[in-house]
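Below, each value reflects all heavy atoms present in this structure, side chains not excepted, and no hydrogens, waters or symmetry copies. The structure displayed is predicted, hence computed values, not measured ones.
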Amino acid sequence: MEQRQLGRTGLRVSRIGLGTLTWGRDVDEHGAADLLKAFWEAGGTLVDTADVYGDGEAEYLLGRLMEGLVPRRDLVISTKAGSVPDPDRRFDCSRGHLLAALDASLARLGTDHVDVWHVHAYDPYTPLEETLQAVDAAIASGRVRYAGVSNFCGWQLAKAATWQLAAPGARTRLASTQMEYSLLQRGVEREVLPAALDLGIGMLPSSPLGRGVLTGKYRNGTPPDSRGASEHLAPFVEPYLDDTAGRIVDAVTTAADGLAVTPLQVALAWVRDRPGVTAPIVGARTAQQLTAALSVEALSLPDEICRALDDVSAPVHRYPDHDWSTL
């Protein structure tokens, strides 16, 4: 699998990442082992997790598999901290919480460091400089190699990145930002992606297949074994089952038929090769699904197909997101 630089750093990662959102909940240890082995054998290196995935079980499973299945040195482990199971405060990015969460993640993963550590979301109740100082402390201690943020809007990302750049050598520049990005969700193109490109921050798209909808599996209803039929994931899929999404899925399917490939391959190749994207994170449930996604490695979409998909899925950009002089 082709390797790409993560932002303006020396870290190289596979251009497709393996997500573990459902590990420890919908994917058991046997299934996780099949996924990780298939990913590793295909040349994949970037494995993405978080301390809240499966209430910590995803990290625990990954740690067990690194111990006996795949060498730790062959993987780039990315995890996150900052989400908390508190209905009154969804995120806690205070210094105390982040550093304690990191220690807990390392214990579950069975490693002395993570390669990339993301602040899971912006915390309006904690000063941003406190959050970023905690990140720098984690890197200075050797427990973290590179840092990023997740689910930061444009101004939040720019503020965090420029604060880090304000003291070169003393603060660690952000390497990455993880955001949902697909043909069904192009909101990051308004401000987040332009900021990331300008600041040299690599984009790691989550849900690059539109929460599974871009595979075309929902065109004739909801399959009983799909996420859309799952009690806890149905609300996650439902927003992408409207008429607008249906038109985009139809366009993807038409493109796939013309290229003699699958809709999954078309949708994944489109987001993988967008400007600023380093590696989409694919969250397969089975090794068969993952192998289908990894088969995109040899596919590059023709320019005319990209333009057609761009047009049918184009988000509305109005003042002040883009050039106001045309209004």
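- Both L165 and W155 are part of a single hydrophobic cluster, where members link through side-chain heavy atoms under 4.5 Å apart.
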Practice item. Check step by step if salt bridge (charged side-chain N to carboxylate O under 4.0 Å, His left out) holds for D273 and R4. Key: CA-CA 11 Å; D273 295 333; R4 290 176 173 174; 3.0 Å; yes
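- For the atom pair CH2 (W23) and CG (L18), the distance works out to 5.5 Å, reported to the nearest 0.5 Å.
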Review point. Could you go step by step and tell me if R143 and W117 meet the side chain to side chain contact (heavy atoms under 4.5 Å, CB included) rule?
Key: CA-CA 9 Å; R143 292 175 291 170; W117 192 43; over 6 Å; no
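- Considering every non-hydrogen atom in both A267 and L209, the closest pair reads CB-CD2, 4.0 Å.
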Exercise for review: Check step by step if side chain to side chain contact (heavy atoms under 4.5 Å, CB included) holds for I281 and L46.
Suggested key: CA-CA 9 Å; I281 306 298; L46 177 62; 3.8 Å; yes
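- Judged purely by atom type and a 3.5 angstrom limit, Q265 uses its side chain to pair as donor or acceptor with the backbone of T262.
- For R89, the salt bridge (Lys or Arg N to Asp or Glu O under 4.0 Å) test picks out D92, D123, with sequence neighbours left out.
- Cluster membership check: L199 does not share its hydrophobic cluster with L6, using side-chain heavy-atom separations under 4.5 Å among Ile, Leu, Val, Met, Phe, Trp and Tyr.
- Residues L268 and L299 are not in side-chain contact: their nearest non-hydrogen atoms beyond the backbone lie 4.5 Å or more apart.
- Side chain of Q3 to main chain of M1: a donor-acceptor pair is present (N/O by atom type, distance under 3.5 Å, no hydrogens or angles).
- Side-chain N or O atoms of E180 include none that pairs as donor or acceptor with a backbone N or O of S206 at under 3.5 Å.
- Grouping the Ile, Leu, Val, Met, Phe, Trp and Tyr side chains by contacts below 4.5 angstrom, directly or via other members, places F91 apart from Y122.
- A distance-only check finds no donor-acceptor pair linking the side chain of T253 to the backbone of P263 [under 3.5 Å].
- Proximity of Y181 to V192: side-chain heavy atoms (C-beta onward) are nowhere separated by under 4.5 Å.
- Linking ILVMFWY side-chain heavy atoms closer than 4.5 Å, directly or via other members, places V282 and L294 in a single hydrophobic cluster.
- Judged purely by atom type and a 3.5 angstrom limit, R15 uses its side chain to pair as donor or acceptor with the backbone of E297.
- Within the model, atoms SG of C153 and CZ of R190 stand 12.5 Å from one another, a figure rounded to the nearest 0.5 Å.
- A101 and D51 get closest at one heavy-atom pair: CB-OD2, 3.7 Å.
- Using a distance-only test at 3.5 Å, with no hydrogens or angles considered, a donor-acceptor pair links the side chain of R272 to the main chain of V296.
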Exercise for review: Show your working on side chain to side chain contact (heavy atoms under 4.5 Å, CB included) between V149 and Q156 and close with a plain yes or no.
Suggested key: CA-CA 10 Å; V149 295; Q156 292 164 351; over 6 Å; no
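- When R72, R12, R73 are each tested for a salt bridge (Lys or Arg N to Asp or Glu O under 4.0 Å) with D115, only one passes: R72.
- No more than 12 heavy atoms of other residues, nucleotides or ligands shown are found within 6.0 angstrom of CD on Q288.
- When only modelled atom types and interatomic distance are considered, S150 and H118 share no side-chain donor-acceptor pair under 3.5 Å.
- Applying the salt bridge (Lys or Arg N to Asp or Glu O under 4.0 Å) test to D55 and every residue at least two apart in sequence or in another chain returns nothing.
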Under 3.5 Å, which donor-acceptor pairs link side chains of residues 33-44 to any protein atom two or more places apart or in another chain?
{"unit_1": "D34", "atom_1": "OD2", "unit_2": "H30", "atom_2": "NE2", "d": "3.4"}
{"unit_1": "W40", "atom_1": "NE1", "unit_2": "D74", "atom_2": "OD2", "d": "3.0"}

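- Rounded to the nearest 0.5 angstrom, T162 OG1 and R171 CZ are separated by 10.0 Å.
- Summarising the geometry, atom CD1 belonging to I248 is positioned 7.0 Å from atom CG belonging to L183; distances are rounded to the nearest 0.5 Å.
- Surrounding CZ of R8 are more than 12 heavy atoms belonging to other residues, nucleotides or ligands, all under 6.0 Å away.
- Atoms CG and NZ, on L98 and K80 in that order, are 14.0 Å from each other to the nearest 0.5 Å.
- Using modelled atom types, no side-chain atom of T278 and backbone atom of L204 make a donor-acceptor pair closer than 3.5 Å.
- Residue D28 comes nearest to G31 through the heavy atom pair OD1-N, 2.8 Å, listed as atom of the first residue, atom of the second, then distance.
- The cluster map of Ile, Leu, Val, Met, Phe, Trp and Tyr, joined by side-chain heavy atoms under 4.5 Å apart, puts I77 and L102 in the same cluster.
- No side-chain heavy atom of L184 sits less than 4.5 Å from a side-chain heavy atom of T244.
- Contact annotation: the side chain of L128 never approaches that of W163 to less than 4.5 Å [non-hydrogen atoms, C-beta and beyond].
- Using a 4.5 Å heavy-atom threshold, the side chains of L259 and L301 count as touching.
- Residues L264 and L214 have side chains not in contact (no heavy-atom distance under 4.5 Å, counting atoms from C-beta outward).
- A pairwise comparison of heavy atoms in A161 and I201 identifies CB-CD1, 3.7 Å as the closest pair.
- Residues A121 and F152 share a closest heavy-atom pair of C-CE1, 3.3 Å.
- T126 has its side chain out of reach of R95: every pair of non-hydrogen atoms, C-beta onward, lies at least 4.5 Å apart.
- Under the rule for a side-chain hydrogen bond (donor to acceptor under 3.5 Å, both in side chains), Q289 has no partner lying at least two apart in sequence or in another chain.
- Side-chain N or O atoms of Q5 include one that pairs as donor or acceptor with a backbone N or O of T9 at under 3.5 Å.
- At least one donor-acceptor pair closer than 3.5 Å links the side chain of R211 to the backbone N or O of F236.
- Rounding to the nearest 0.5 Å gives a distance of 4.0 Å between OG of S313 and CZ of R186.
- For D136 and Q164, the side-chain atoms include at least one donor-acceptor pair closer than 3.5 Å.
- Considering all non-hydrogen atoms of both residues, H97 and S83 come closest at NE2-O, 4.2 Å.
- Remark: W270 engages D310 in a side-chain hydrogen bond (donor to acceptor under 3.5 Å, both in side chains) (not counting sequence neighbours).
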Practice item. Determine, stepwise, if the pair R219 / D250 fulfils side chain to side chain contact (heavy atoms under 4.5 Å, CB included). Key: CA-CA 8 Å; R219 294 182 80 199; D250 286 346; 2.8 Å; yes
Please tabulate, for the side chains in residues 57-67, all donor-acceptor contacts under 3.5 angstrom to protein atoms that are two or more places apart in sequence or on a different chain.
{"unit_1": "E59", "atom_1": "OE1", "unit_2": "S105", "atom_2": "OG", "d": "3.2"}
{"unit_1": "E59", "atom_1": "OE1", "unit_2": "R108", "atom_2": "NE", "d": "2.8"}
{"unit_1": "E59", "atom_1": "OE1", "unit_2": "R108", "atom_2": "NH2", "d": "2.9"}
{"unit_1": "E59", "atom_1": "OE2", "unit_2": "T79", "atom_2": "OG1", "d": "2.6"}
{"unit_1": "E59", "atom_1": "OE2", "unit_2": "S105", "atom_2": "OG", "d": "2.8"}
{"unit_1": "R64", "atom_1": "NE", "unit_2": "E29", "atom_2": "OE1", "d": "3.3"}
{"unit_1": "R64", "atom_1": "NE", "unit_2": "E29", "atom_2": "OE2", "d": "2.9"}
{"unit_1": "R64", "atom_1": "NH2", "unit_2": "E29", "atom_2": "OE2", "d": "3.1"}

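- Using a 4.5 Å heavy-atom threshold, the side chains of E189 and P315 count as touching.
- One N or O on the side chain of T131 and one on the backbone of C93 form a donor-acceptor pair closer than 3.5 Å.
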